[in-house]
Each structure stands twice: as C-alpha cells, then as structure tokens.
Amino acid sequence: MSETVKYETQDGIALISVNNPPVNSLSHPVRSGLAEAFSAADRDTEVEAIVLRCEGRTFIAGADITEFGKPMKAPSLPDVLSLMDSVGKPIVAALHGTALGGGLETALSCHYRIAAPAARVGLPEVRLGLLPGAGGTQRLPRVIGVEKALDMIVSGRQVKAAEALEIGLVDRIAVTDLTEEAIAFARELADSGAAPRRCSEQAVDSGALDAGFFDRYRQATAKRQRGFEAPQACIDAVESATRLPFTEGLEAERELFVKLISSPQSKAQRHLFFADREASNVAGLPKETPIREIGSVGVIGAGTMGAGIAINFLNAGIPVTLLEVQQEALDRGLATIRNYYQDRRKKGRLTAEQADACAALVTGTLDYADFAGVDLVIEAVFESMEIKHQVFKRLDEVCRPGAILATNTSTLNVDEIAAVTGRPEDVVGLHFFSPAQVMRLLEVVRGAKTCDEVLATSMKLAGRIGKVGVVAGVCDGFIGNRMLKGYGREAGTLLLEGASPVQIDKAVHQFGMAMGPIAMSDLAGLDVGYRIRQQRRERGDNIPASEGAVADRLVELGRLGQKSGKGYYRYDAGSRAPIPDPEVDDVIREAAAELGIERSQITDDEIVQRLIYPLVNEAALILEEGIAQRPGDIDVVWVNGYGFPVYRGGPMCYADEIGLPAVLDKIREFQSRYGDIWKPAPLLERLVAENKSFADL
Ligand code: 3H9
C-alpha cells in the first residue's frame with residue numbers, strides 16, 4: 001500500500017499499521033496511506049471491522065510539525081479524518097505510547113478506542129501556539145463533555161490511560177497484548193453487528209453550563225496564560241462546538257487554526273520546540289562518546305542553591321551527600337529539603353511514600369572524606385575564586401578517579417577553577433538557576449580542558465533530572481548572565497533619564513517577561529551588585545558614573561530590596577507586592593541632577609527596545625565567539641532561565657520577527673546617542689548586509 005502504512009486482512013478484520021519513525025507523525029505519505037487503506041477496507045466486502053495501530057514506540061504523536069509553514073499537500077488531515085469518520089464499518093484504534101495532537105484526533109475519528117496501560121493521550125497543540133485543527137475541538141467535547149475537553153485542550157496536558165478510561169475517552173485498557181486485544185474487540189463489534197459510533201453524530205452536552213461559563217473561562221485563562229493567543233482560540237473553537245452543527249463547527253475550527261498557524265506566536269513556539277531538542281546536540285561530540293555512570297552525587301553548600309540542586313537529584317532517585325562546614329548550616333540545609341518534601345506531600349504532588357523515599361536519599365556530612373565514592377560533586381559555595389580553589393584542591397584529594405567535579409559558579413572562570421586540580425578534564429560548570437529545583441535551565445559550561453565524556457555525561461544528566469542542558473563556553477557570565485549586563489545597565493539609565501520604576505516594570509511585563517528588571521533587582525537584593533561594583537572600583541576598573549548610580553545610593557540608605565522591606569519599592573511586612581515609594585523618586589532625581597542628566601518622558605516602546613536590544617547585540621557577540629553553539633540555544637536559555645516570554649520564542653527569534661535591519665537601525669541610533677556601549681556586533685551587521693536572519697545560521 002505504502003512504505004509507511006501497511007494494510008492486511010485476517011478473518012474479516014482489516015489491520016492498518018502506521019510505521020513512520022521516530023514518532024509516527026502524520027506526514028504526507030502517512031496521510032495518503034491512511035486515506036487509501038481506509039477506502040480499501042470500506043470497499044472490501046470481506047472486511048467487517050477495522051483496527052488502526054502503529055509500529056514502534058508510539059501511536060501517532062501528531063501532525064508533522066516540520067511540514068508547517070509550507071504548502072500542505074493533499075490529502076489534508078481533516079479530509080482523511082472525515083473519510084475515516086464516514087467508513088461504514090466499526091474502526092478500533094489501538095493506542096500505545098503517546099497519542100497526541102493529530103494522533104488523538106485520528107483516534108477520535110475511529111469509532112472505538114483501546115489503550116495499552118502505559119499509554120497517554122493529549123492535545124498539546126496549544127503549546128505550539130495552535131489549536132487541534134483536525135476536528136479535535138469538535139470531537140472531544142462530544143466524547144468527554146465540554147468542561148473536560150476544555151481542560152485538556154487549553155492546558156495541553158497528557159492524560160494517562162486509566163484516566164482516559166474513566167472519562168470515556170477510551171473504551172478499554174488492554175491487559176496483555178494490545179494488537180491482539182484490539183483485533184478481538186473489532187471481532188466482537190462485528191459479531192454483535194455494532195454500527196460505527198461516530199463522534200460527528202453525537203450531541204454536545206452543554207446543558208449544565210450557564211450563560212457566563214465561556215467568558216469566565218476566557219478570563220481565568222487569560223490570567224493563567226498571560227499574553228498567549230492560542231488558549232483563547234481553543235476556547236472559541238470549543239464554544240463553537242456547543243453552538244454549531246458538527247460540520248460548521250469544523251469550519252470555525254479551521255478558520256481559527258489557519259490564523260494561528262501563520263501567527264508569530266505559533267512560529268515562536270514551534271521554533272522553541274525544535275530548539276529545545278537541538279540544544280542536546282553538541283557540535284563535534286561523537287555520538288558514541290561513552291557516558292559515565294552517575295549513581296550518587298555530592299553537593300557542597302547547603303544554602304538555598306545547594307539544597308535546591310540536591311532536590312533535583314533526590315527527585316530523580318539519585319542519592320545525595322550534602323556537605324557544609326558548620327553543623328548549624330548543614331542542619332538548616334537538611335531542614336530545607338525536608339520541608340520541601342512535606343510541602344510537595346501537602347499539595348498532593350507526591351504521595352507520602354514518594355516524598356519519604358526522596359527525602360531518605362539525602363545524607364549530611366561535614367567531612368570531605370565522605371565524597372570518596374561519589375560519581376559527581378557539585379559545589380555551590382560563595383562566589384570567590386579563593387574559596388573555589390580551596391574546595392577543588394580538596395575534591396582533587398578525596399574524589400575517586402573518574403568522578404566529575406562540577407562548579408555552579410555563575411561568573412567565575414571554570415578553567416581557573418579546574419587548573420588547581422590534577423584532572424582539569426573532569427571539571428565542568430553546571431550552572432543552575434534559582435530556584436534550582438524549579439527552573440528548567442542548566443548551563444553546562446565546557447572548560448578548555450573538559451573532556452568529551454564529561455560533557456556528554458553532563459548533558460545526559462540534565463535530561464535525567466528534568467532540565468534542558470545548554471552548552472556554554474567560558475566567559476564572564478557564560479550565556480545568560482553575560483547578556484543580562486546590558487539589560488541591567490539600561491534599566492538604571494532609563495531611571496535616570498525619566499522613566500519610573502513602575503513604568504519600566506510595567507512595560508517589560510506587558511512585553512511578556514515574568515518580572516520587570518527593577519522588581520527583579522529588589523528580589524535578588526541590591527547589595528550583590530553593589531559589592532561587585534565596589535570590587536571593580538577597587539580593582540581600578542573603569543565604571544561609568546551612571547552605572548549603579550541609583551542602586552548604590554539605595555544600598556547606602558539601607559534599602560537592599562525585598563529582604564530589608566525596601567529597595568526600589570517599599571514592601572509591607574510579609575508581602576512581596578511592590579509599592580512605589582516617593583523617597584526613591586527623590587533619590588533618582590538627585591542622582592540624575594548630579595550626573596547632569598536631563599529627565600524627560602520615555603515611551604514604553606523605547607523602554608522595551610533599550611532593554612531587549614542589548615540582549616540581541618550581546619548574543620550576536622556570544623555566537624561569534626563560539627560561547628553559544630547556535631541562536632536557538634540562546635533562546636532556550638532566556639526562555640527557561642530568565643522568564644523571556646515563550647510566545648516570543650527567545651531574544652533571537654524575537655529579533656528575527658522584528659527584522660534584523662530594524663533592530664540594527666535602532667542600535668545605531670542608540671550608539672549615536674550613548675556611544676560605543678551600543679556598538680553593533682559585527683555578526684549582526686553582517687547578517688543585515690547579507691539579508692539574512694539568525695534563523696539562517
Ligand atoms: C498537530 O497535531 C496539529 C493538528 O491538530 C492539526 C493538523 C492539521 N512532527 O521529543 P523527542 C521529532 S500539532 C515532527 O525527542 P521523546 C523530534 O523533533 C502536533 N517531528 O522524543 C525529534 O527529532 P530529532 C501535536 C516530531 O520520546 C524526534 O521526533 N503533537 C514530532 O522525548 C523525537 O522526539 C505534538 O505536539 C512531530 N509532531 O518524546 C507532539 N514530534 O530526533 C510533539 C516529535 O531529530 N512531540 N518529533 O531531534 C512530543 O511531544 C514528543 O516528541 C513525544 C516523544 C512525546 C511524542
């Protein structure tokens with residue numbers, strides 16, 4: 001029949017098998033193969049019932065995302081599914097692995113469904129900035145009801161087989177062999193003379209929904225998924241299912257889908273889907289590089305960061321030895337971990353047994369000798385080269401040969417740290433982001449001497465603990481924090497020039513960042529930057545007078561940020577809600593006057609450009625220097641570590657969307673106003689000259 005769709009019959013049952021590795025996506029040959037196979041089964045008078053199944057690790061995992069953005073070749077998926085819907089014999093879908101998106105829509109166009117016990121189903125299109133565009137928004141509410149369908153479609157969450165059975169999304173769970181049981185199911189249906197049970201012919205039960213239901217759902221979703229267009233379109237499409245006959249509902253869904261698929265948001269989210277996966281490919285690392293076994297981990301430093309790092313491994317079932325120098329600090333760290341698991345248990349995220357099992361995997365120690373047998377040590381101690389040197393010398397003495405020695409430094413030179421050991425090839429940077437048990441990003445910093453095995457093992461380990469690992473080269477701040485510098489600098493200058501803390505934070509929040517730069521500084525603590533600037537001044541670094549002009553004054557007034565109840569904003573006791581403070585406005589005005597800066601109105605657009613374009617320019621330098629492997633890696637860093645809006649796809653994707661010529665023009669304008677801190681990166685200039693974008697790299 002076709003390479004990807006096999007058709008066979010046995011004892012009156014047609015068995016249609018899809019084989020399109022790796023995930024059986026619905027690429028063009030699969031769509032045409034399915035259309036042919038179902039037409040053949042419908043025509044074949046010997047065939048009484050049909051089974052649709054898949055080879056390999058999963059049922060169909062969705063449309064082929066690589067085909068999006070190109071002209072769609074006929075037959076389209078909606079057409080194939082309409083054809084299946086109309087087949088005059090019962091069709092049974094046999095689900096295993098993950099039946100997702102167009103895959104679940106295909107299963108919904110079969111008349112009956114049986115699932116393997118470990119199967120999962122879902123409509124994750126919303127995560128790609130889309131909605132289920134092959135009837136999912138019209139068929140699912142007919143099968144499981146409007147509220148449950150909305151929950152699945154708007155969240156994109158995967159539902160396990162047991163829940164799918166409970167809500168009526170599948171009819172049976174296979175006990176032994178899925179295909180055999182699917183065939184037996186089909187035989188039963190044929191023998192009992194069961195008619196095709198078409199979703200399209202079922203009514204949508206929306207009787208229990210009051211008049212304001214959809215509007216309330218829209219508002220709640222807009223709050224939860226701020227700025228995202230697709231969830232709202234999903235709700236519109238499901239509402240259509242309650243108001244329109246099936247075929248008209250399909251048309252309404254189609255219209256919304258076509259609009260979304262060409263939207264910048266969906267392009268950005270699809271870009272991130274592939275960038276996320278590509279990040280694990282390390283250029284020049286042979287595929288067959290051996291991976292070291294990581295069965296136990298040591299963590300040095302039991303502060304917030306150290307405890308957070310430890311939790312990642314405990315969650316993955318990997319025992320952790322946590323080391324501190326003082327018993328008191330160790331006890332505090334161990335208590336942080338215990339409290340975390342109690343909280344998870346209270347919130348129902350873990351059962352009591354699971355929480356206890358994780359918590360039981362941590363051991364505290366004050367003695368480096370207890371690291372003798374561990375496979376990996378991560379230090380999360382104070383950011384001082386002197387202290388790091390002491391730690392690594394000690395690790396070199398006690399750790400077994402082949403153990404990986406990692407630093408969580410966010411700024412210090414990994415090569416300098418490695419140099420005090422007799423095994424720099426085993427040293428790597430593993431830079432976690434705070435809170436370490438929550439943030440998905442892990443920068444894997446490759447030192448000049450880090451060996452392939454250590455790099456490959458670190459990247460693999462990132463996946464094992466649920467992180468996305470991104471390889472970075474050694475430089476001040478690696479990828480993420482290095483880019484942050486221009487962002488912080490401009491936030492300070494904007495204050496002096498006339499923007500208020502509230503205006504800056506609002507403009508950036510409106511752009512989609514999780515938090516504005518001023519509120520973020522208050523959260524991180526103003527004293528950190530203050531200390532660094534003092535050290536740089538003592539070292540004789542040339543720091544412009546405007547840098548930290550406001551922040552330094554605030555620190556000297558005892559305004560350290562949230563932790564002291566006041567920083568750029570004021571905070572009521574026990575609250576994190578920022579309250580504007582006139583005293584700060586005075587400090588800003590004074591600082592500006594002293595520096596001779598004339599204050600004026602600044603537009604929100606300029607605020608966004610002044611903050612985001614330095615990210616783009618610095619990223620272009622980072623790419624040129626080989627600190628990051630590819631633009632997509634930088635996007636993954638900023639989305640997963642810094643709260644950059646997912647629907648903008650990261651700074652590089654955003655710059656491409658604006659158009660690099662427009663970005664460069666603005667940077668040049670700022671350069672003429674502010675001098676060479678805005679000097680355009682040569683790569684950016686080259687791309688514009690060659691009429692290319694970051695996506696072309
Ligand atoms: C849709 O269905 C729209 C319809 O409603 C309407 C249409 C009209 N297409 O993730 P992995 C690749 S939208 C193309 O590493 P895992 C992936 O890039 C779609 N390629 O494996 C990777 O390639 P490489 C709705 C795809 O085991 C390889 O397969 N569906 C697709 O960790 C392995 O992937 C979804 O959004 C695809 N649809 O996870 C599901 N999916 O090896 C998206 C994967 O070259 N997929 N690839 O890097 C997933 O969530 C996961 O891939 C899955 C497997 C859970 C299936």
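For ligands, and for the atoms within them, numbers begin at 1 and follow the listed sequence.
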For [atom], grab the closest protein heavy atom and report residue, atom and distance to one decimal in Å.
{"atom": "atom 9 (N) of ligand 1", "result": "Ile65 N, 2.9 Å"}
{"atom": "atom 39 (O) of ligand 1", "result": "Arg57 NH1, 4.3 Å"}
{"atom": "atom 12 (C) of ligand 1", "result": "Pro22 CG, 4.4 Å"}
{"atom": "atom 53 (C) of ligand 1", "result": "Thr98 OG1, 4.4 Å"}
{"atom": "atom 47 (N) of ligand 1", "result": "Val23 CG2, 3.9 Å"}
{"atom": "atom 14 (C) of ligand 1", "result": "Asp64 OD1, 3.3 Å"}
{"atom": "atom 46 (N) of ligand 1", "result": "Phe273 CZ, 3.6 Å"}
{"atom": "atom 50 (O) of ligand 1", "result": "Leu100 CD1, 3.9 Å"}

Can you check whether a protein heavy atom sits less than 4.0 angstrom from [atom]?
{"atom": "atom 42 (O) of ligand 1", "value": "no"}
{"atom": "atom 32 (O) of ligand 1", "value": "no"}
{"atom": "atom 24 (P) of ligand 1", "value": "no"}

*Could a heavy atom of Gly136 be found less than 4.0 Å from some atom of ligand 1?*
no

*Measuring from the heavy atoms of Thr58, does anything fall under 4.0 Å of ligand 1?*
no

_Any N/O pair Gly102/ligand 1 closer than 3.5 Å_ = yes

*Quick one: does Gly133 get an N or O within less than 3.5 Å of an N or O on ligand 1?*
yes

Tell me whether [X] contacts the main-chain N or O of [Y] through its side chain, where contact means a donor paired with an acceptor under 3.5 Å.
{"X": "Arg113", "Y": "Ala93", "value": "no"}
{"X": "Thr289", "Y": "Glu453", "value": "no"}
{"X": "Arg464", "Y": "Ile294", "value": "yes"}
{"X": "Lys89", "Y": "Ala41", "value": "yes"}
{"X": "Arg197", "Y": "His111", "value": "yes"}
{"X": "Asn24", "Y": "Gly56", "value": "no"}
{"X": "Lys467", "Y": "Met439", "value": "yes"}

Number the atoms of ligand 1 from 1 as they appear, then name those within less than 4.0 Å of a heavy atom of [X], with their elements.
{"X": "Glu125", "value": "1 (C), 2 (O), 3 (C), 4 (C), 5 (O), 13 (S)"}
{"X": "Phe274", "value": "18 (O)"}
{"X": "Pro132", "value": "5 (O)"}
{"X": "Gly101", "value": "2 (O), 25 (C)"}
{"X": "Pro124", "value": "30 (N), 35 (C), 36 (O)"}
{"X": "Leu128", "value": "13 (S), 19 (C), 36 (O)"}

*Minimum heavy-atom separation for Leu95 to Leu178, with atom names?*
O-CD2, 3.4 Å

*When the aromatic ring centroids of Tyr647 and Tyr654 are compared, is their separation below 6.0 Å?*
no

*Option with minimal heavy-atom separation from atom 10 (O) of ligand 1, where the choices are Arg254, Arg31, Arg277, Glu253*: Arg277

_Looking at Arg53 and Glu55, is any side-chain nitrogen of the basic one under 4.0 Å from a carboxylate oxygen of the acidic one?_
yes

*Run the salt-bridge test on Lys148 and Asp151 with the 4.0 Å N-O cut-off and return the result as yes or no.*
no

When you look for heavy atoms under 4.0 Å from ligand 1, do you find them on the side chain of [X], its backbone, both, or neither?
{"X": "Glu105", "value": "side chain"}
{"X": "Ala63", "value": "both"}
{"X": "Ala61", "value": "both"}
{"X": "Leu26", "value": "neither"}

*On the 0 to 90° scale, with breaks at 30° and 60°, tag the Trp638-Tyr642 ring pair as parallel, tilted or perpendicular.*
parallel

*Between Thr176 and Glu181, do the side chains contain an N or O donor and an N or O acceptor separated by less than 3.5 Å?*
yes

*Start with the C-alpha distance between Tyr7 and Phe38, add both sets of side-chain angles, then the distance that settles ring pair (Phe, Tyr, Trp, His ring centres under 6.0 Å), and finish with yes or no.*
CA-CA 9 Å; Tyr7 178 79; Phe38 277 100; 8.8 Å; no

_Residue pair Thr106, Leu81: steps toward the side-chain contact (heavy atoms from CB on, under 4.5 Å) verdict_ = CA-CA 6 Å; Thr106 305; Leu81 300 192; 3.8 Å; yes

